[in-house]
Trainee: 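Submitted below is the structure of interest, expressed as C-alpha cells.
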Amino acid sequence: MIDYRDFDADLLSPLAEMAIAEGWDSFRNPGTAKKAFTSPGCIVVVAFEGDKPVGFIQMQTDLGIHAHISNILVLAACRGRGIGRRLVEFAFDRSGAKYVDLVSTEGSDDFYRAFEHQEFPGFRIYPRGKGQ
Ligand SMILES: CC(C)(COP(=O)(O)OP(=O)(O)OC[C@H]1O[C@@H](n2cnc3c(N)ncnc32)[C@H](O)[C@@H]1OP(=O)(O)O)[C@@H](O)C(=O)NCCC(=O)NCCS
C-alpha cells in the first residue's frame with residue numbers, strides 16, 4: 001500500500017539521495033536541495049511504502065494558471081505500479097493551476113503521453129556560457 005504525504009525537513013536527505021542515485025547532480029549540495037524542495041510555490045508530494053520513501057514529485061505553481069513539473073522520480077523497483085501517475089495527480093490537484101508544463105527527458109515521453117495532453121517543442125535556457 002502506498003501513502004502520499006507532504007514533504008517535511010526529515011525527507012531532505014533521503015529524497016536528495018534518491019535524486020543523486022538517478023544522476024541528478026544538482027541535488028548534491030544540501031543547501032541547493034533544501035531551496036529546491038522548500039521554496040515558495042513549490043509543491044513536493046512524496047510516495048511512501050511503509051516508512052520508506054519510494055518516489056516524489058516537485059512541482060512549481062503560480063496557484064492559478066500555470067504549473068510546471070520540475071522533477072518526478074519513482075525508485076526503479078517500484079515503477080509500473082501507478083505511483084508516478086498518482087504523484088502527478090496529487091500535485092496537480094494541489095497546484096490550483098489549469099495546466100502543467102514540463103520538459104521530458106529521454107525515456108519518459110510515454111509516461112507523460114499516458115495523461116491527457118498536448119505536445120509542444122520544449123526548451124531549457126542556461127546562463128550565457130553555461131549551457132550543456
Ligand atoms: C517516469 C516515472 C516517474 C514513471 O513512474 P511510474 O510509477 O513507473 O509510472 P506509472 O506506473 O504511474 O505509469 C503511469 C502511466 O504511464 C505509463 N508509463 C510509465 N512509464 C512508461 C514507459 N517507460 N513507457 C511507456 N509507458 C509508460 C504506464 O503504462 C501508465 O499508463 P496508464 O496509467 O494508462 O496505465 C519513472 O519511470 C521514473 O522515475 N523514471 C526515472 C526518472 C525520470 O525519468 N523522471 C522524469 C524526468 S522528466
Side-chain angles (χ1 to χ4, degrees):
M1 153 113 181
I2 305 293
D3 288 327
Y4 296 87
R5 305 182 202 158
D6 290 327
F7 177 82
D8 71 52
D10 291 344
L11 292 169
L12 182 59
S13 293
L15 297 194
E17 280 165 24
M18 213 187 285
I20 293 163
E22 188 65 24
W24 297 350
D25 286 335
S26 305
F27 287 85
R28 281 192 186 280
N29 179 313
T32 304
K34 186 176 178 190
K35 278 189 209 165
F37 285 129
T38 60
S39 62
C42 186
I43 296 169
V44 179
V45 181
V46 185
F48 279 83
E49 187 153 46
D51 287 338
K52 183 180 172 192
V54 294
F56 71 92
I57 186 169
Q58 181 193 12
M59 183 182 281
Q60 322 294 327
T61 179
D62 66 13
L63 302 174
I65 302 171
H66 193 173
H68 182 94
I69 294 176
S70 304
N71 293 294
I72 179 168
L73 177 57
V74 174
L75 287 182
C78 299
R79 291 178 192 164
R81 292 167 49 191
I83 297 171
R85 175 179 281 283
R86 296 298 289 141
L87 286 169
V88 171
E89 290 170 348
F90 272 113
F92 195 2
D93 278 354
R94 288 188 194 174
S95 72
K98 296 188 191 318
Y99 51 79
V100 178
D101 284 346
L102 58 101
V103 175
S104 177
T105 52
E106 198 178 321
S108 52
D109 288 1
D110 288 336
F111 168 66
Y112 296 117
R113 287 188 179 116
F115 295 83
E116 193 165 324
H117 71 284
Q118 275 185 278
E119 293 186 32
F120 301 92
F123 295 86
R124 177 165 292 167
I125 294 174
Y126 295 93
R128 191 183 293 269
K130 300 216 170 141
Q132 315 220 334

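Just so you know, ligand 1 is whichever comes first in the structure, and atom 1 is the first atom listed for that ligand. FYI, side chains are in, hydrogens and waters are out, and symmetry mates aren't considered; it's all heavy atoms of this structure.
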Trainee: List every atom of ligand 1 that sits less than 4.0 Å from any heavy atom of Gly80, numbering the atoms from 1 in the order shown and giving each element.
Mentor: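 Reading through ligand 1 atom by atom, the close ones are 6 (P), 7 (O), 8 (O), 11 (O).
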Trainee: Test the Arg86-Phe90 pair against the cation-pi criterion, namely NZ or CZ under 6.0 angstrom from the six-membered ring centroid and within 45° of the ring axis.
Mentor: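 That pair qualifies as a cation-pi contact.
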Trainee: If you define the side chain from C-beta out and look only at heavy atoms, does anything of Leu12 sit under 4.5 Å from Phe7?
Mentor: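 Yes, side chains in contact.
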Trainee: Given side chains that start at C-beta, do those of Arg113 and Asp110 come closer than 4.5 Å, heavy atoms only?
Mentor: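 Sidechains of Asp110 and Arg113: in contact.
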Trainee: For Arg81, counting its heavy atoms only, list the atoms of ligand 1 lying under 4.0 Å from any of them.
Mentor: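 The atoms of ligand 1 under 4.0 Å from a heavy atom of Arg81 are 11 (O).
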Trainee: Test of understanding: given a 4.0 Å heavy-atom threshold, classify the contact between Val103 and ligand 1 as side chain, backbone, both, or neither.
Mentor: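 The answer is the backbone.
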Trainee: For atom 37 (O) of ligand 1, what's the nearest protein heavy atom and its distance?
Mentor: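 Here the closest protein heavy atom is Arg79 CD, 3.2 Å.
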Trainee: Provide, to 0.1 Å, the distance between atom 7 (O) of ligand 1 and the closest protein heavy atom, together with that atom's residue and name.
Mentor: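 So the nearest neighbour among protein heavy atoms is Gly84 N, 2.8 Å.
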Trainee: Looking at atom 48 (S) of ligand 1, tell me if a protein heavy atom falls under 4.0 Å from it.
Mentor: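 Protein heavy atom within 4.0 Å of atom 48 (S) of ligand 1: present.
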Trainee: Take His117 and Tyr112 through the test side-chain contact (heavy atoms from CB on, under 4.5 Å) and record every step on the way to the result.
Mentor: CA-CA 8 Å; His117 71 284; Tyr112 296 117; over 6 Å; no
Trainee: Hey, what's the ring geometry for Phe111 with Phe115, parallel, tilted or perpendicular (30° and 60° as the breaks)?
Mentor: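 If you compare the ring of Phe111 with that of Phe115, the planes turn out perpendicular.
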Trainee: Indicate yes or no: does an N/O atom of Cys78 lie under 3.5 Å from an N/O atom of ligand 1?
Mentor: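 The answer is no, given that Cys78 and ligand 1 share no N or O pair closer than 3.5 Å.
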Trainee: Below 4.5 Å, heavy atoms only, C-beta onward: do Phe48 and Leu11 meet side chain to side chain?
Mentor: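 Yes, at least one pair of side-chain atoms sits under 4.5 Å.
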Trainee: Backbone, side chain, both or neither: what part of Tyr112 comes under 4.0 angstrom of ligand 1, heavy atoms only?
Mentor: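 For Tyr112, only side-chain atoms sit under 4.0 Å from ligand 1.
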Trainee: Using a plain distance cutoff, I'd like to know if Gly82 has any nitrogen or oxygen under 3.5 Å from a nitrogen or oxygen of ligand 1.
Mentor: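 N/O-N/O distance below 3.5 Å exists for this pair.
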Trainee: Do Leu15 and Val44 come within less than 4.5 Å of each other through their side chains, counting heavy atoms only?
Mentor: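 Sidechains of Val44 and Leu15: in contact.
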Trainee: Show the nearest heavy-atom pair for residues Asp10 and Asp8, with the distance to one decimal.
Mentor: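 It is N-OD1, 2.8 Å.
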Trainee: Can you give me the closest heavy-atom contact between Thr32 and Ser26, atom names plus distance?
Mentor: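 Nearest heavy atoms, Thr32 then Ser26: CG2-O, 3.8 Å.
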Trainee: In the protein, what heavy atom is nearest to atom 24 (N) of ligand 1, and what distance, to one decimal place, separates them?
Mentor: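 The closest one turns out to be Asp110 CB, 3.5 Å.
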Trainee: Between Ile72 and Leu102, is the side-chain contact (heavy atoms from CB on, under 4.5 Å) condition met? List the steps.
Mentor: CA-CA 10 Å; Ile72 179 168; Leu102 58 101; over 6 Å; no
Trainee: When you measure from atom 42 (C) of ligand 1 to each heavy atom in Leu73, Val74, Ile69, Thr105, which option holds the nearest one?
Mentor: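 Ranked by closest heavy atom to atom 42 (C) of ligand 1, first place is Leu73.
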Trainee: Looking only at protein heavy atoms, which one is nearest to atom 4 (C) of ligand 1, and what is the separation?
Mentor: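 In this structure, atom 4 (C) of ligand 1 has Phe111 CD1, 3.5 Å as its nearest protein heavy atom.
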Trainee: Should the proximity of Arg86 to ligand 1, defined as any heavy atom under 4.0 Å, be assigned to the side chain, the backbone, both, or neither?
Mentor: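 Neither; no heavy atom under 4.0 Å.
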Trainee: Quick check on contacts: which atoms of ligand 1 are under 4.0 angstrom from a heavy atom of Gly107?
Mentor: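 Numbered from 1, ligand 1 contributes 23 (N).
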Trainee: Does the protein put a heavy atom under 4.0 Å from atom 28 (C) of ligand 1?
Mentor: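 No, no protein heavy atom sits under 4.0 Å from atom 28 (C) of ligand 1.
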Trainee: Which residue owns the protein heavy atom closest to atom 32 (P) of ligand 1, what's the atom, and how far is it?
Mentor: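 Here the nearest protein heavy atom works out to Arg85 NH2, 3.8 Å.
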Trainee: Between Ile83 and Glu49, is any pair of side-chain heavy atoms under 4.5 Å apart?
Mentor: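 Not in contact.
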Trainee: If we only count N/O pairs under 3.5 Å, is Ser104 in contact with ligand 1?
Mentor: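 N/O-N/O distance under 3.5 Å: no.
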Trainee: Any idea which protein heavy atom is nearest atom 31 (O) of ligand 1, and the distance to it?
Mentor: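 Sorting protein heavy atoms by distance from atom 31 (O) of ligand 1 puts Ala114 CB, 3.6 Å first.
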Trainee: Does some side-chain heavy atom of Phe56 sit less than 4.5 Å from a side-chain heavy atom of Leu73?
Mentor: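 Yes, at least one pair of side-chain atoms sits under 4.5 Å.
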Trainee: Identify the protein heavy atom lying closest to atom 45 (N) of ligand 1, giving its residue, its atom name and the separation to 0.1 Å.
Mentor: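 Scanning the protein heavy atoms, the shortest distance from atom 45 (N) of ligand 1 goes to Ile72 O, 2.8 Å.
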